[in-house]
Every structure is written in structure tokens, then in C-alpha cells.
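Everything on this sheet refers to the single structure shown next.
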Amino acid sequence: MLETPRYIMSLPTSLSSLIILISVATAPLAVSGASLTDDAHCGCYLTNGTQAGFFSNHKFYDFRNLPQYAGVPGSVANPNDAANAGVSSQYFNDENWTSVWSIQNWNNSNGARSDASVLMVNSPSNVYIEANGDPNPTSQTWLTLRTQRLPGQSSNQSSGFQSAAEIESVSSGFQFLSMRMLARTVGGSGAITAMFTYRGSDTLANVQEADLEIRTHDPHNLIHYTNQPSYTTDGQTIDQATENATLPDGLSWANWAVHRLDWTPTSSTWYVDGFMVANISFQTPRDPSKVILNAWSDGGQWTGNMSVGDAAYMQIQWFEIVYNSTDAKSKRDDNGPYGRLPLTMTRRDASTGQCRAVCSIDETSDQGQPVMLWASGAQPRNVAGGWAVWVPSVLTGLVLFAMSAGLLR
Ligand SMILES: *[C@@H]1O[C@H](CO)[C@@H](O)[C@H](O)[C@H]1NC(C)=O
Ligand SMILES: *[C@@H]1O[C@H](CO)[C@@H](O)[C@H](O)[C@H]1NC(C)=O
Ligand SMILES: *[C@@H]1O[C@H](CO)[C@@H](O)[C@H](O)[C@H]1NC(C)=O
Ligand SMILES: *[C@@H]1O[C@H](CO)[C@@H](O)[C@H](O)[C@H]1NC(C)=O
Ligand SMILES: *[C@@H]1O[C@H](CO)[C@@H](O)[C@H](O)[C@H]1NC(C)=O
Ligand SMILES: *[C@@H]1O[C@H](CO)[C@@H](O)[C@H](O)[C@H]1NC(C)=O
Ligand SMILES: *[C@@H]1O[C@H](CO)[C@@H](O)[C@H](O)[C@H]1NC(C)=O
Ligand SMILES: *[C@@H]1O[C@H](CO)[C@@H](O)[C@H](O)[C@H]1NC(C)=O
């Protein structure tokens with residue numbers, strides 16, 4: 001039974017046709033219903049949505065089953081101690097974490113945001129694994145990013161300080177990606193939680209950033225999406241840079257939902273639970289960037305003030321990303337075998353880098369584990385079996401072609 005990957009039907013017409021033509025021309029092998037596989041067998045990942053794209057790398061961070069690391073650190077009342085606090089559990093010392101994420105401890109004393117009215121200090125104590133205390137828990141644990149307004153310790157700290165959380169990717173080499181998190185934001189008003197790409201610059205106009213920002217004082221169905229900068233140094237707003245999106249009925253940032261950003265060469269597109277909520281092509285980031293998640297406030301116009309003692313939390317059950325990278329070390333080993341095919345065939349062509357094993361993280365029944373959409377591009381002379389491979393391949397191509405012709409008429 002042959003099954004067309006569902007993406008092909010939802011891709012823009014020209015791309016669908018192209019993929020189908022390529023599939024036919026290169027004689028797809030063993031196209032069948034998408035079946036679970038693993039990253040070692042994937043040459044690339046095709047995303048769905050209006051800006052579908054191919055990506056070379058995949059990472060999945062699962063925070064749902066980590067009871068051995070769970071524990072809520074107490075607030076660190078002194079700003080210097082907050083910055084210097086150790087990590088909240090061994091989870092954050094493991095190479096699986098440290099090779100990809102860096103927990104921040106910078107503060108806003110450099111005055112980068114001129115309207116800030118509160119000292120903000122990022123603290124490793126605000127990044128922790130927490131036991132799921134929900135009435136009907138859908139996981140054992142999650143990752144929390146906490147931000148908290150704490151009382152001042154002396155007269156020169158009368159406004160207290162804002163303890164904040166930020167994790168940044170170690171790599172600054174992400175260049176186009178689709179990232180998703182199953183997350184919610186809860187807690188007091190006056191904070192921001194965010195997931196974004198970031199490329200800094202000394203000049204505001206040259207910052208490149210695709211943002212998802214939740215302001216805890218906003219209605220629960222309002223999220224701000226922006227290709228920064230959204231304002232100029234002389235205080236003008238750049239309206240085309242931002243969409244203040246109202247979520248479809250029933251969706252709320254305070255409830256668990258999958259938040260997704262697709263950053264492609266032409267636009268930034270955001271989804272909540274599969275619904276496209278914003279797309280911005282104006283000022284789309286172009287150059288290699290970091291990925292950042294945070295929870296913060298500085299008492300400025302954008303964030304508002306948190307009441308002393310209040311806290312807000314971004315809780316994340318899992319984070320998943322498919323991406324291209326400019327880092328040399330992330331270049332995949334192109335010579336790995338795939339599937340049950342002969343070892344002479346690889347998931348990628350070693351000389352051209354062409355992807356021969358196309359996977360998906362969308363169509364999976366097991367979050368985080370990819371499925372194989374199709375495998376193609378093999379050199380027939382390398383394949384044992386001859387006709388046994390060619391006949392089904394050509395038939396598959398014809399079926400795909402017929403289906404697309406019917407669908408695209
Ligand atoms: C990612 O890299 C692959 C291999 O170079 C390329 O084919 C693909 O178009 C890139 N994806 C995006 C979204 O640019
Ligand atoms: C804030 O950062 C500056 C510059 O890195 C540092 O000198 C200062 O000690 C920091 N203050 C706190 C409270 O962390
Ligand atoms: C690190 O990741 C690898 C691969 O997913 C896994 O097998 C290993 O158990 C992880 N280590 C820890 C300490 O979680
Ligand atoms: C308050 O000011 C004094 C003197 O300037 C300084 O030594 C101290 O570190 C400050 N306290 C805080 C919490 O910043
Ligand atoms: C989005 O909302 C912010 C905060 O309310 C506002 O300052 C900004 O002008 C809005 N932008 C657009 C494009 O609606
Ligand atoms: C992508 O595919 C999954 C699985 O079919 C679906 O749940 C999701 O809504 C799709 N997303 C988009 C943006 O089409
Ligand atoms: C972008 O979003 C608007 C609605 O905000 C929608 O009408 C349009 O089709 C979208 N464009 C693309 C390319 O997804
Ligand atoms: C936050 O509170 C400070 C006083 O602590 C005040 O100066 C500032 O204007 C307030 N910010 C907002 C956005 O209301």
C-alpha cells in the first residue's frame with residue numbers, strides 16, 4: 001500500500017511539482033507510509049506549513065520524564081549571589097545540555113534598554129526541572145524559566161531587583177530553522193517570556209531577531225511576534241516589524257500549547273497548535289543567529305513592573321528544532337547507512353550532499369522521534385535486486401504524480 005506523504009499536498013504548487021518531478025526522476029526507493037525512524041537514518045527533515053523547508057539537523061529536548069532532577073530552588077535575595085548561583089541540578093552539568101545551551105548570568109546595568117527602571121539579573125537559580133503538580137498531569141516534570149521581583153536589600157536597592165532566566169544556544173550558527181516548544185506561561189503580571197532567534201549588533205538597526213513574546217499583563221490570547229528591530233533609536237515604531245496576534249478561539253498562552261517559529265530565507269511564520277497566527281516577511285533575519293528562551297522584566301514600558309514578591313514562569317515540557325547551521329562541527333556524517341538498504345547507499349550523497357532520506361518531525365506519533373517520509377536518489381547500479389527496486393519506484397512515482405495532478409488541477 002503506497003501512501004503519499006501528506007506534505008506534498010499542502011506545499012505550494014510549484015514546490016510540490018518540483019518535489020514530485022525530482023522523486024520520479026531520481027527513482028524513489030521504498031516510499032511507504034511514514035514509519036518511525038531515528039536521526040541516524042535521516043539525511044534531512046521536511047517541515048509542513050506555508051513555508052515548508054528542508055533542514056539538515058534535528059534536536060529534541062524532552063523535559064517530561066526527569067524526576068531525578070526535579071526541585072525548585074529558593075529565591076536568591078542578593079543580586080550578586082543570584083548571578084553567581086550554581087546550576088539547580090546535575091541535569092544542567094551534563095554534556096547533553098552544556099554542549100547546546102548556556103545558562104546566562106548577565107545583568108542590565110549596561111543600560112541597553114534606556115527605560116529600564118529595575119536592576120535585572122539573570123540567575124542560574126531560575127532555570128530548573130520541576131515536578132508536574134497539575135491535577136491531571138500530562139508529564140512527570142517540565143523545565144521552568146522563572147523571573148521574580150525581589151525586595152531590595154539596602155537603601156540603594158529600594159526598588160529591589162528582578163531575578164530573571166535566560167538560556168542561549170552555545171552556537172551562533174543557526175541559519176534557518178523550525179523550532180517548537182510545548183509550553184505555557186503562568187504567574188504575575190509585568191513579565192515577558194520569549195522564544196527567539198538573535199543576532200546582536202552594536203547598532204540597533206543591524207540587530208536581527210525573530211521574536212515570540214508573551215507579556216504577562218496582556219490578555220491570555222494575545223502574543224507579540226516581531227522581526228526586530230521594531231523601533232528606531234529616535235523612538236519611532238516600525239509597525240511592519242510586528243504582528244500582535246489574537247490566538248484562535250480556545251487557545252491561550254497560559255495553557256499548554258505548541259508554539260512554533262519557522263524562520264526561512266523569506267519570512268518568519270509562527271504557529272500555535274498548528275494554527276498559523278503570524279507571518280512577517282519584512283526584515284526577516286538573514287544571517288547566522290543564536291536561539292534564546294527567557295523570562296524577564298525590567299520595569300520598563302514594554303515589560304511593565306512586577307509587584308515585589310511576584311513571579312512569572314515559562315514552563316516547557318519539550319523543545320524541538322530542525323535547522324541548518326554554519327558551524328563546521330555540526331556537519332553531519334554523510335556516510336551513515338540508512339534503513340535496510342545496502343551499505344553502499346547513504347542517507348546523503350557524499351559528494352553533492354544531496355539528501356537521500358527525507359524525514360519529518362511533524363508526522364510522527366512519538367514526539368521527538370522522526371518518521372521517514374521517503375528515500376531516494378540512490379544509484380541503481382549500487383542496488384542489489386534491480387527490478388525489485390525499480391518497478392515499485394517507478395510505480396510510486398506514477399502514483400505520486402497522478403495524485404498531485406488530481407489535487408493541483
Ligand atoms: C538547508 O540546507 C539544505 C542543504 O544545504 C538546503 O537544501 C535547504 O534548502 C536549506 N533550508 C533552508 C530553509 O534554507
Ligand atoms: C552586573 O554586570 C556588571 C558587568 O558585567 C558587573 O560588573 C556587575 O558586578 C554585575 N552586577 C550584578 C549585581 O550582577
Ligand atoms: C545524553 O544523551 C544521550 C543520547 O540521547 C543519552 O543516551 C544519554 O542517556 C544522555 N545522558 C544523560 C545523562 O541524560
Ligand atoms: C549599595 O551601595 C553601596 C555603596 O555604594 C555598595 O557597597 C553596595 O554594594 C550597594 N548594595 C547593593 C545591593 O547594590
Ligand atoms: C503591538 O502592541 C504593542 C503593545 O501594546 C504596541 O506598542 C504596538 O504598537 C503594537 N504594534 C502593532 C503593529 O500593532
Ligand atoms: C503539520 O502536521 C501535523 C501532523 O499532521 C499537524 O498536526 C500540524 O497541524 C501540521 N502543521 C501545519 C502548520 O500544517
Ligand atoms: C500570512 O498571514 C496572513 C494573515 O495574517 C495570511 O492572509 C497570508 O496568507 C499569510 N501568508 C503566507 C505566505 O503564509
Ligand atoms: C515601574 O516602577 C518604577 C518605580 O519603581 C517606575 O519608575 C516606573 O515608571 C514603573 N514602570 C512602569 C512601566 O510603570
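Heavy atoms only: backbone and side chains are in, while hydrogens, waters and symmetry mates are out. Atoms within a ligand are numbered from 1 in the order they appear, just like the ligands themselves. One-based numbering along the sequence shown.
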Nearest non-hydrogen partners of M195 and F319, listed with the distance: SD-CE1, 4.1 Å
Please list, in number order, the atoms of ligand 2 under 4.0 Å from a heavy atom of N107. 1 (C), 2 (O), 3 (C), 8 (C), 10 (C), 11 (N), 12 (C), 14 (O)
Heavy-atom donor-acceptor pair, T203 side chain to A205 backbone, under 3.5 Å: no
Per-atom filter on ligand 6: closer than 4.0 angstrom to a heavy atom of Y271 are 13 (C)
Test F196 against every option in L261, N294, L212 by the side chain to side chain contact (heavy atoms under 4.5 Å, CB included) rule and name the one that passes. N294
Counting from 1 in the order shown, the ligand 2 atoms closer than 4.0 Å to a non-hydrogen atom of S109 are 1 (C), 2 (O), 3 (C)
Would the number of heavy atoms belonging to other residues, nucleotides or ligands and lying under 6.0 Å from CZ of F275 be above 12? no
D362 to ligand 6: N or O pair under 3.5 Å? no
Can R184 be said to sit on top of W253's aromatic six-ring, NZ or CZ under 6.0 Å from centre and within 45° of the ring axis? no
Tell me, yes or no, whether the heavy-atom count around D234 atom CG, taken from other residues, nucleotides or ligands under 6.0 Å, exceeds 12. yes
Would you call R260-D362 a salt bridge at under 4.0 Å N-O? yes
Report yes or no: does Q208 contribute a side-chain atom to a donor-acceptor pair with the main-chain N or O of R286 at less than 3.5 Å? yes
Within the protein, flag every N or O under 3.5 Å from an N or O of ligand 8, and note the pair and distance.
| unit_1 | atom_1 | unit_2 | atom_2 | d |
| --- | --- | --- | --- | --- |
| ligand 8 | 2 (O) | N305 | OD1 | 3.3 |
| ligand 8 | 2 (O) | N305 | ND2 | 2.3 |
| ligand 8 | 11 (N) | G299 | O | 2.9 |
| ligand 8 | 11 (N) | N305 | ND2 | 2.8 |

Taking 4.0 angstrom as the limit and counting only heavy atoms of N48, give me the atoms of ligand 6 inside it, by number and element. 1 (C), 2 (O), 3 (C), 8 (C), 10 (C), 11 (N), 12 (C), 13 (C), 14 (O)
